[in-house]
Structure formats: structure tokens, C-alpha cells
Amino acid sequence: MKMINAIIKPFKLDDVREALSEIGVQGITVTEVKGFGRQKGHTELYRGAEYVVDFLPKLKVEVVVKDNALEQTIEAITKAANTGKIGDGKIFVYDIEQAIRIRTGETGDDAI
């Protein structure tokens, strides 16, 4: 099993959710986060004063999938979250040692 953490722009969430639903991914977790990458934030004008916004609002989407669904899931997220502009985000993949469904006690692939 693999966990995919995707950091995306907030307005792309619906596109990513729909893309994951289309390929059969059943569960995702979404967290509001702030951060910056290469763009190092940006400057904004507020009441005539310029200030730097260091941390930009992003969403972290977490998905656990079977090993054989990894590439398809990454491709779906990449296509749905892509705007072609700086700050589109990143995808990180982690190995999952064990998963347990609390309600039924199912383990491994059956739990996801």
C-alpha cells in the first residue's frame, strides 16, 4: 500500500476529487495548509501599503491506495491539479506498513 500526499491549489480540489472518483479511489483526507516553494510567496497591496505574503494557502490531499493503483492515481492528481503556472504543488509517495479499519477490524488492502 502507498500513501500519496498531494499539495495543491485550493481551487483545484473539486477537479482532483472528481478525477479520483472516476478511477475508483474511495477515500481522501483534505487538510488546509500554508506553505511556500520556489516562488517564496508574493507581495500584495493593502490600504496603500505593500506587504509580503510568505505562506500561501494550499490544500494537502492524502490518499492511500493499493500498490497497483499508484501510477493511475498519481496521473489523475497531476492532470487535475495542473494549471501550468508556478505553485501548482507537489506529490509525495510513502510506503504504508499496515492499515486497519476500526469498525470491522479488516487489515491490509481490505481496510482501504
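What you see is a predicted model, and the numbers here were worked out from it, not measured in a lab.
- With hydrophobic clusters built from ILVMFWY side chains whose heavy atoms lie under 4.5 angstrom apart, Ile77 does not share a cluster with Met3.
- Residue Ala76 comes nearest to Ala19 through the heavy atom pair O-CB, 3.8 Å, listed as atom of the first residue, atom of the second, then distance.
- Side-chain contact between Leu20 and Ile28 is present, with heavy atoms from C-beta onward closer than 4.5 Å.
- Residue Gln98 places its CD atom among more than 12 non-hydrogen atoms of other residues, nucleotides or ligands, all under 6.0 Å distant.
- Residue Phe92 is grouped with residue Ile112 when hydrophobic side chains (ILVMFWY) are merged at heavy-atom distances under 4.5 angstrom, including chains of intermediate members.
- The shortest side-chain heavy-atom distance between Thr73 and Val25 falls under the 4.5 Å cut-off.
- A single hydrophobic cluster is seen to contain both Ile7 and Val64, as judged by linkage of ILVMFWY side chains at heavy-atom distances under 4.5 Å, directly or through other members.
- Between Val63 and Gly27, the shortest heavy-atom distance links the atoms CG1-O, 4.0 Å.
- Side-chain contact between Val33 and Leu59 is absent, with no heavy atoms from C-beta onward closer than 4.5 Å.
- In this structure, CD1 on Ile8 lies 9.5 Å from NZ on Lys58, to the nearest 0.5 angstrom.
- Pro10 and Pro57 make their closest contact through CD-O, 3.5 Å (heavy atoms, listed as atom of the first residue, atom of the second, distance).
- Linking ILVMFWY side-chain heavy atoms closer than 4.5 Å, directly or via other members, places Val30 and Ile74 in a single hydrophobic cluster.
- Between Asn68 and Leu70, every side-chain heavy-atom pair lies at or beyond the 4.5 Å cut-off.
- In this structure, Thr29 OG1 and Lys60 NZ are separated by 9.5 Å, a value rounded to the nearest 0.5 Å.
- Counting heavy atoms from C-beta outward, Ile100 and Glu106 have side chains that stay 4.5 Å or more apart.
- When every heavy atom of Ala99 is checked against every heavy atom of Ala111, the shortest pair comes out as O-CB, 3.6 Å.
- Thr83 has its side chain within reach of Lys12: a pair of non-hydrogen atoms, C-beta onward, lies under 4.5 Å apart.
- Under a hydrophobic-cluster definition in which Ile, Leu, Val, Met, Phe, Trp and Tyr are linked whenever side-chain heavy atoms come within less than 4.5 Å, directly or via other members, Ile23 and Val93 are assigned to the same cluster.
- The existence of a salt bridge linking Asp110 and Arg101 is excluded, since no basic side-chain nitrogen approaches an acidic carboxylate oxygen closer than 4.0 Å.
- Between Asp88 and Lys9, some side-chain heavy-atom pair lies under the 4.5 Å cut-off.
- Between Met1 and Asp109, some side-chain heavy-atom pair lies under the 4.5 Å cut-off.
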- request: Verify side chain to side chain contact (heavy atoms under 4.5 Å, CB included) between Asp67 and Lys2, making sure each step is shown before the conclusion.
  value: CA-CA 6 Å; Asp67 289 336; Lys2 302 289 186 193; 3.4 Å; yes
